[in-house]
Amino acid sequence: MANASQTERPQTTAVPEYDAVIIGAGMSGLYQLYRLREQGFRVRVLEAGTEVGGTWYWNRYPGARFDSESYSYGYSFSKELLEEWDWSEHFAGQPETLRYLQHVADKFDLRRDIQFRSWVTAAIYQEDTQSWTITLEDGISFRARFLITAIGPLSTPTLPRIEGRDSFKGQSFHTARWPHEPVDFAGKRVTVIGTGATGVQTIQTIAGSVGHLTVFQRTPNWCAPLHNGKIDAETQQKIKAGYPEMFARCQETFACFLHTPDPRSAFEVSDEEREAFYEKLYGERGFGIWQGNFRDILIDRKANATISDFVARKIRTRVKDQKVAEKLIPKNHGFGTRRLPLETFYYEVYNRDNVELVDITSTPIERITPEGIKTSAKEYEFDIIIFATGFDAITGSFDKIDFRGADGARLKDKWTHGPQTYLGIMVDGFPNMMMLMGPHTALGNIPRSIEYSVDWVTGLIRFAQENNLTRLEATSAGVASWTDHVKALGVGLLSNEVNSWMTGINSNVEGKQTRIVARYSGSAPAYRARCDEVAAKGYDELRLG
Ligand code: NA7
């Protein structure tokens, strides 16, 4: 094992060798390191940031917080960790989550195998040694039998391709590249471009502390109340006592959230009952209104229209100016067919005198100027521009690394028409490479999926070691079959008929204007059952050597 510390780089000119290299020290990478080290493997984690945390390291924008209940989001693998960590709110903010992940890194002494400030630019498989050579931006290389990507589905931020973008003289930030120092909003003229989950959290958080806020909205999203709250001592005790049951429940639900769809159709009940059910869901914490709604709201247009209509009425009640309310009500997609932003008095923000909503579909942004933004209707002056413009999702972070497989093929080329994977974990032609939270895996309440995938990958590597295998590869037939399965699962889902990061659309990235099926949209229990079956049969669907 190389003895370089967390901040040092290996000084030797020889290429350091490991059993496994993990790219990324977010939630996936940390747990993968823990599990592989537990098995006695020599592991190096290469992390671009200066700290652990991944998503929770980079996304420091004001108001960044969980939309999953905090207690259902933490790691479940260590009873001691569960006992000693107190979440302060039902939906914790980013600083707390980052502190949690730092605590995990310290508690399990993970940092000694993590190398920070290490941007991986290339990973090339060498057939002669049956290992990967992984190279950093500064040219330093590492060799490892196994390469594990833990690079996150939403980690490559994208900026709009607007003329004059770099000419702006004030401050500008992408939400996922937020500065570590506090940003002073007092008296400032601020704009937010983008109204996805991130934009919503940012807008509702800063509206009260800026001088003036202009929101540039291209597509309104359906949002529902988060209903966050502090966790008191009694609830804390109950949560801790109930962890085994709660995690067991997450294993059973469709997407590992605490919420699971109501087995009824929206039309099995009377209009009054339906209205009362929606009212109840609207008043409850978290994703219940999305994940715990009638079983057909995300597949049947008419059922979907009933909940869309209900939420539209809520927006009209909460926003005083009805012209503004109409702008905030989505017209081109139904409720929950894009990722649902959860909000805290978001709609009330638009009742403030210092907030203006600009619909840029009617008055498009023409250019960014040194002073601000020029639309087709007006020139705006700003001190701060905030880009809440999202990510090159799911495959974007893969595209940034030059992955080359056994015959020199590039992963990016192989995935030109959308990702092709085996169980969302492996790719034919890319032996000994495993992806955590890559395309075609169950995401949902992501730590639950992370723990499963990490354990599966750990099991596979242990199997290789026990059987003296040095080369593990998905077959082309296995990849074709899984990819077809994932595509078939997406048929009939309203979310697959809508443009969003979930269907691979990003107007800011060339070549990402065609919808693809990049997400596994079946149930998490079915996903795990399939993966368990593969393991139980000795991974005989893989090419083992
Ligand atoms: P999203 O959900 O992809 O939202 C990005 C927002 O930025 C969305 O409103 C976009 O409008 C808008 N956008 C993007 N590019 C432009 C340009 N060029 N001009 C104007 N507006 C633009 O990203 P988030 O960061 O909010 O959330 C991502 C996920 O992170 C979220 O779902 C959670 O799972 C956590 P559009 O809708 O494309 O018209």
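We count ligands from 1, going down the list as the structure has it; atoms in each ligand are counted the same way. It should be emphasised that the depicted structure is a prediction, and the values quoted were computed from it without experimental measurement. For reference, positions follow the sequence shown, starting with 1. These values consider heavy atoms only, across backbone and side chains, with no hydrogens, waters or symmetry-generated copies.
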Ligand 1 contact on N508 by region, counting heavy-atom pairs under 4.0 Å: side chain

Hey, is ligand 1 close enough to F391 that some N/O pair sits below 3.5 Å? no

Considering H333, R338, R218, R165, which one's heavy-atom position lies nearest to atom 10 (C) of ligand 1? R218

For ligand 1, which atoms sit closer than 4.0 Å to a heavy atom of G194? 6 (C), 7 (O), 9 (O), 12 (C)

Atom 4 (O) of ligand 1: which of G196, P364, S155, G199 has the nearest heavy atom? G196

Against ligand 1, does Q217 come closer than 4.0 Å with any heavy atom? no

Going by the closest heavy atom to atom 21 (N) of ligand 1, which one wins out of L154, I193, I365? I193

As an exercise, identify every atom of ligand 1 less than 4.0 angstrom from a heavy atom of I360. 20 (C)

Geometric cation-pi criterion, R177 with W58: 6.0 Å, 45°: yes

May I ask you to identify the nearest protein heavy atom to atom 36 (P) of ligand 1, giving residue, atom name and distance to one decimal place in Å? T219 OG1, 3.4 Å

Against heavy atoms of P160, which atoms of ligand 1 measure under 4.0 Å? 17 (C), 18 (N)

Does any N/O atom on N221 come nearer than 3.5 Å to any N/O atom on ligand 1? no

For atom 6 (C) of ligand 1, which candidate among S500, P330, A388 holds the nearest heavy atom? A388

Considering only NZ, NE, NH1 and NH2 on the basic side and carboxylate oxygens on the acidic side, decide whether K374 and E366 come within less than 4.0 Å. yes

Identity and separation of the nearest protein heavy atom to atom 9 (O) of ligand 1: T195 N, 2.9 Å

So that I can tick it off, tell me whether R65 and E96 are bridged by a salt bridge, with the cut-off set at under 4.0 angstrom between side-chain N and carboxylate O. no

Could you identify the single nearest non-hydrogen protein atom to atom 23 (O) of ligand 1 and state the distance to 0.1 Å? G390 CA, 3.3 Å

Check this for me, if you would: do E379 and R367 make a salt bridge, where the nitrogen-to-carboxylate-oxygen distance has to be below 4.0 angstrom? no

Got a salt bridge between D399 and K512, using NZ or NE/NH1/NH2 to carboxylate O under 4.0 Å? yes

Please work out whether any backbone atom (N, CA, C, O) or any side-chain heavy atom from C-beta onward of F216 is under 4.0 Å from ligand 1, and answer side chain, backbone, both or neither. neither

Decide, yes or no, whether a salt bridge links R189 with D383 under the criterion of side-chain N to carboxylate O below 4.0 Å. yes

Any Lys/Arg nitrogen of K169 or E371 sitting under 4.0 Å from an Asp/Glu carboxylate oxygen of the other? yes

Residue, atom name and distance, where the atom is the protein heavy atom closest to atom 27 (O) of ligand 1: T198 OG1, 3.6 Å

Any idea which protein heavy atom is nearest atom 28 (C) of ligand 1, and the distance to it? W501 NE1, 3.8 Å

Geometric cation-pi criterion R60 and Y57, 6.0 Å radius, 45° cone: yes

Do R117 and E47 meet the salt-bridge criterion of a basic N to acidic O distance under 4.0 Å? no

Between D67 and R339 (salt bridge meaning N to carboxylate O under 4.0 Å), is one present in this structure? yes

When you check the gap from the basic side-chain N to the acidic O, do E326 and R316 get nearer than 4.0 Å? yes

Starting from atom 34 (O) of ligand 1, find the nearest protein heavy-atom neighbour and note its residue, name and distance. R339 NE, 3.1 Å

